[in-house]
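Beneath this line is the structure, given in structure tokens, with notes to follow.
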There are 2 protein chains.
Amino acid sequence: MAEDGTSKSLGTPAGTVCDDDCSAFQWDAREDCEVRQILDRIADKWSLLVIALLDDRTMRFTELKRMIDGVSQRMLTVTLRQLERDGMVRRTVYPVVPPRVDYELTPMGRSLHATVQSLVVWTEAHQDEIAVSRERYDRSTGVEVVPSELVG
Amino acid sequence: MAEDGTSKSLGTPAGTVCDDDCSAFQWDAREDCEVRQILDRIADKWSLLVIALLDDRTMRFTELKRMIDGVSQRMLTVTLRQLERDGMVRRTVYPVVPPRVDYELTPMGRSLHATVQSLVVWTEAHQDEIAVSRERYDRSTGVEVVPSELVG
DNA sequence: CCGTATCCTTTCGGATACTG
DNA sequence: CAGTATCCGAAAGGATACGG
């Protein structure tokens, strides 16, 4: 992970975390605050899907790769490493040939997945309203989505 | 918004949305599914902060810009337009000079904010555990965070 | 005051090739 | 099988300048 810049400020200097002004103010602004980091993690392209799959059962690398389908092994590796680093995923290497590596969710990982479900539920409950809103907005602002011969 | 590619597939062809295989499978994979779109929205750099501020009270553009501090007016505009399109934010233009534009959260916007709060609460509850996990991971994988003269 | 347009840097993620 | 390394294109987002 040469691009990743893993050698960032670590160890949490025990003072840079956000206080109570977190709640309504800049709790989202920078990487100062933990909320942003978790948000970035669950919102990146593959993390949540990995978590969802592992919440069902322990899986091997290639299993995950097969099931996720669009993912490159690079991104799957990166994603799993981040989740492991954050303590959401446990990685177990069996010293056999060919190598076998199991991934499973930690209790914290399961807890995160459960929490995120509320958002999924919310989205499912509101997706129609959102779709309507978008259609109305796009019509009112005159976005061309269909070639004009369909209306002419 | 020339970069935005707003002329995407809209109108939901009433079949491309994810079904029940959504829950554990590819509900996260592509933009097919609404969950990913909402996730992208709340996880982008500024949306959630805007929502949090507007949940307190109606604000004008410049007010928001002043309070958010790091945001460029380009990104604030883009963010507000997206939120308006999705039906989270209501935009009111007063035809006066100089112009005055008010932004306020819709009921759906408030509802979204409330839902996201559970994630915030979760993060606050687990940030210590996450920090510990990261420290342990970084030590075990031997990431150089301090120049070696400190240990030598 | 409230934007839009243009340019530019940074970051994310895919493709591919190679290793233990 | 389970990665790692390198390269590259696409997209997000910041800086700046200009317009109604």
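Values in this document were obtained by computation on a predicted structure and should not be read as measured data. Below, read A as the first sequence line, B as the second, and so on, with proteins coming before strands; counting in each chain starts at 1.
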- Item | Distance, rounded to the nearest Å, where Gln82(A) contributes CD and dG13(C) contributes P | 8 Å
- Query: Which of the following nucleotides, dA2(D), dG13(C), dG3(C), is nearest to the side chain of Met75(A)?
  - Reply: dG13(C)
- Item | Nearest atoms (heavy-atom pairs only) where Thr58(B) meets Glu63(B) | O-OE1, 4.5 Å
- Note on the structure: In whole angstroms, the gap separating P of dG3(C) from CD of Glu63(B) amounts to 13 Å
- Message: Nearest whole Å is fine: how far is dG20(C) C1' from Gln73(A) CD?
- Response: 15 Å
- Query: Would you say Arg81(B) reaches dT4(C)'s phosphate, i.e. side-chain N/O to OP1/OP2 under 4.0 Å?
  - Reply: yes
- Note on the structure: Note: with side-chain heavy atoms under 4.5 Å as the link, the other cluster members for Val96(A) come out as Tyr94(A)
- Please tell me which of the listed nucleotides, dC2(C), dG14(C), dG14(D), lies nearest to the side chain of Thr62(B)? dC2(C)
- Task: Could you tell me the separation between the CZ atom of Arg66(A) and the P atom of dC1(D), rounded to a whole number of Å?
- Result: 7 Å
- Item | Arg91(A) side chain, from C-beta outward: closest of dG13(C), dA2(D), dT4(D) | dA2(D)
- Query: For Lys65(B) and dG3(C), what is the distance between atoms NZ and C1' respectively, to the nearest whole Å?
  - Reply: 12 Å
- Item | 5′-ward residue of the pair Ser72(A)/Pro99(A) relative to DNA chain C | Ser72(A)
- Provide, to the nearest angstrom, the distance between the CG atom belonging to Leu80(B) and the P atom belonging to dC2(C). 11 Å
- Message: Quick check for you: among dG3(D), dG14(D), dC1(D), whose closest atom lies nearest to any side-chain atom of Trp46(B)?
- Response: dG14(D)
- Nearest whole angstrom, please: distance from the P of dT4(D) to the CG of Leu76(A). 11 Å
- Is any side-chain nitrogen or oxygen of Tyr103(A) closer than 4.0 Å to OP1 or OP2 of dC1(D)? no
- Nearest-angstrom distance from the residue atom CD1 of Ile68(A) to C1' of dG14(C): 15 Å
- Message: Does a side-chain N or O of Arg74(B) approach OP1 or OP2 of dG3(C) to a distance below 4.0 Å, or not?
- Response: no
- Note on the structure: When rounded to the nearest 0.5 Å, the distance separating CG of Leu112(A) from OG1 of Thr123(B) is 7.5 Å
- Look at the side chain of Arg60(B) and decide which nucleotide, out of dG3(D), dC1(C), dG3(C), has an atom nearest to it. dC1(C)
- The reported gap from CZ in Arg81(A) to CG in Leu83(A) (rounded to nearest 0.5 angstrom) is 11.0 Å
- Establish, with yes or no, whether the OP1 or OP2 oxygen of dG14(C) is under 4.0 angstrom from a side-chain nitrogen or oxygen of Lys45(A). yes
- Query: Going through the distances and angles, do Asp86(B) and Arg134(A) end up as a salt bridge (charged side-chain N to carboxylate O under 4.0 Å, His left out)?
  - Reply: CA-CA 6 Å; Asp86(B) 286 355; Arg134(A) 287 180 180 166; 2.7 Å; yes
- Query: dG3(D) phosphate, OP1 or OP2: any side-chain N/O from Arg100(A) under 4.0 angstrom?
  - Reply: no
